[in-house]
Amino acid sequence: MPSLVRIWRRSIQTRVVTSTILLSTLVVALTGWALLRDVASGLADSRRAAAVSEARSGFDYAQTQLDAAVETEPSTQSQALTQMVDSLTRSRGAQRTYELVLQGPLLTDDGEVPIRSSAAIQPRALPADLAAAVRAGPGTFWRYSELSLVGSGSVEPSVVVGSQLRAPGSGDTYAMFYLFSLEDQQDTLDLVRRALLLGGLAMILMVGGVAWLVSRQVLDPVRLARRIAERYASGNLEQRMHVSGEDDIARLSTSFNQMAASLQSQIRRLENLSRLQQRFVSDVSHELRTPLTTVQMASEVLYDSRERFDPLTARSAELLKRELDRFESLLSDLLDLSRFDAGAAVLELDTIDFAQVARRAADDPVLARAGITVRLVGVERPALVEADPRRIDRIVRNLLANAAKYSGSDVVEVEVAQNAESASLSVRDFGVGLSGDENIRVFDRFWRADPARTQGGTGLGLAISREDAALHGGTLQAWGRPGVGSEFILTIPKPEGSAKHPPLESVYA
Ligand code: ADP
């Protein structure tokens, strides 16, 4: 069932064909029903008209017979009546299409009404209201009914025509009924119904087939367009749609091709622009390096002699040196990033042990000077990966320096763990933490939570660390809770492994 729902939701063709079939079934059913009703009432009406006129001539004949009768002896009168019924039913011989019932005289002393009929007819074949109308007075009345003979199971639709007769001699009244079978009309109706059903079915199938063909004609190019659009989405912009003719589909294909060409040229333009920008950043950083080194050397001289200056100049020399150091680290960060952007960064792989990296980082005198205690977890067992030792050290140093600079926490926990696929190293602090989407934004270039408190940072450290991790096919992710702390987890895949399922999960996740 779910797969049917899926097909219904995904395939326009299924929807078009199914709804066409449903709608045409409805139309065919309604038309068929109206047609059948018209045919049925037409057939019944014409048969009834013929039946009424046939019955009328019978009634006239019977009335003439009664008018002519002068006999008053009941037994001979009864004989005459039976003969009359016989002659009326015999007259048409084998072609007789009706049965005849004569009731009367209607008013007898003992309440018993004698009945003469051409066959043993079930009493319910004579509708009670018709019988009542006939008894009530003169005139010809008719009703549709069902004719069935005593001893036979078959029931045929019929039309019953009745009229009152009066014997002027005796003053008796009689009710005479003609029962015409509508069996032939029923057969014709059945035939028409079968023909309509078959014709309707064939038409629905044909309409369904046509809908399928037409929707295919329209949808094939759309499907082709979808496939090509998927290829564009996956970066392959070379593909073009085949254009033939001048119809809407051809125009769609042309617009599609124009869109692809325009996309391609825009992307090329942007790629060129981006390459130019990368080149510019890298060139500027390079060009600035030489004069910066000279200025830095000069500032070193001033800085070293600051004791001999008056306090204001000494302070200026200190500021000059600090900002020039920051400038230098900014330039080298920019150069690093431009190397990543240009795809020029290369890895110098070696086997390294994350446990050892963590121990070494913990011994960094900078942390001790900042009054930070490092807690090591999971460093008893080696966790070996193939990685560039310089880059891994840089990432870990950056994470620890950030914890020292920004978190305000005096304890930092470094944990190492591994599984068959990868090894992870986490740096967790218990300081200001990260709020909202800061765990994503910390990796943005030049982003700083509080630019006023830059602590000498450039806002590029984590961006570079993440590029370093990605260069290894690894990940660097951050989690945090405001006022509780933050955690950064570096995961590097083992050879043949992947960093998709890190062995460490953040406590803040
Ligand atoms: P920088 O190179 O200037 O240190 P980073 O890219 O390393 O910049 O960090 C960017 C910003 O992320 C920092 O300015 C700081 O606001 C925030 N940040 C980094 N580490 C932490 C941390 N452990 N706790 C709180 N904030 C942090």
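As the structure lists them, so they are numbered: ligands from 1, and atoms in each ligand from 1.
- Against a heavy-atom cut-off of under 4.0 Å, Ala449 is close to the following atoms of ligand 1: 14 (O), 16 (O).
- Among Asn402, Asp429, Asn439, the residue whose heavy atom lies closest to atom 23 (N) of ligand 1 is Asp429.
- A heavy-atom separation below 4.0 Å is not found between Gly431 and ligand 1.
- Taking a cut-off of under 4.0 Å to the non-hydrogen atoms of Val432, the atoms of ligand 1 that pass are 25 (C).
- Assignment of Lys405 to the shell around ligand 1 is supported, since a heavy atom sits closer than 4.0 Å.
- For residues 392-404, the set of pairs meeting the side chain to side chain donor-acceptor pair (under 3.5 Å) definition, not counting sequence neighbours, comprises Asp336-Arg394, Arg360-Asp393, Arg394-Asp468, Asn398-Ser465.
- Looking at Lys494 and Glu421, no side-chain N of the basic residue comes within less than 4.0 Å of a carboxylate O on the acidic one, giving no salt bridge.
- Side-chain contact between Tyr508 and Asn439: absent, with no pair of heavy atoms (C-beta onward) separated by less than 4.5 Å.
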Exercise for the section: Run the numbers on Glu438 and Arg441 for salt bridge (Lys or Arg N to Asp or Glu O under 4.0 Å), then give the verdict. Expected result: CA-CA 5 Å; Glu438 282 185 0; Arg441 304 193 62 196; over 6 Å; no
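- Note: no N/O pair closer than 3.5 Å links Gly433 and ligand 1 by distance alone.
- Polar contact with ligand 1: present for Leu462 (N/O pair, distance under 3.5 Å).
- Close approach to Gly459 involves these atoms of ligand 1, each under 4.0 Å from a residue heavy atom: 1 (P), 2 (O), 3 (O), 6 (O), 8 (O).
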Exercise for the section: Might you work through the salt bridge (Lys or Arg N to Asp or Glu O under 4.0 Å) test for Asp363 and Arg359, ending with a clear yes or no? Expected result: CA-CA 7 Å; Asp363 288 341; Arg359 274 196 298 270; over 6 Å; no
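- Taking the centre and axis of the six-membered ring of Trp33, the NZ or CZ atom of Arg37 falls inside the cone set by 45° and 6.0 Å.
- Near Thr458, meaning under 4.0 Å from any of its heavy atoms, are these atoms of ligand 1: 1 (P), 2 (O), 3 (O).
- For the pair Arg306 and Phe309, the NZ or CZ position fails the cation-pi test of under 6.0 Å to the six-membered ring centre and within 45 degrees of the ring normal.
- Below 4.0 Å from some heavy atom of Ser486 lie the following atoms of ligand 1, by number and element: 22 (C), 23 (N), 24 (N).
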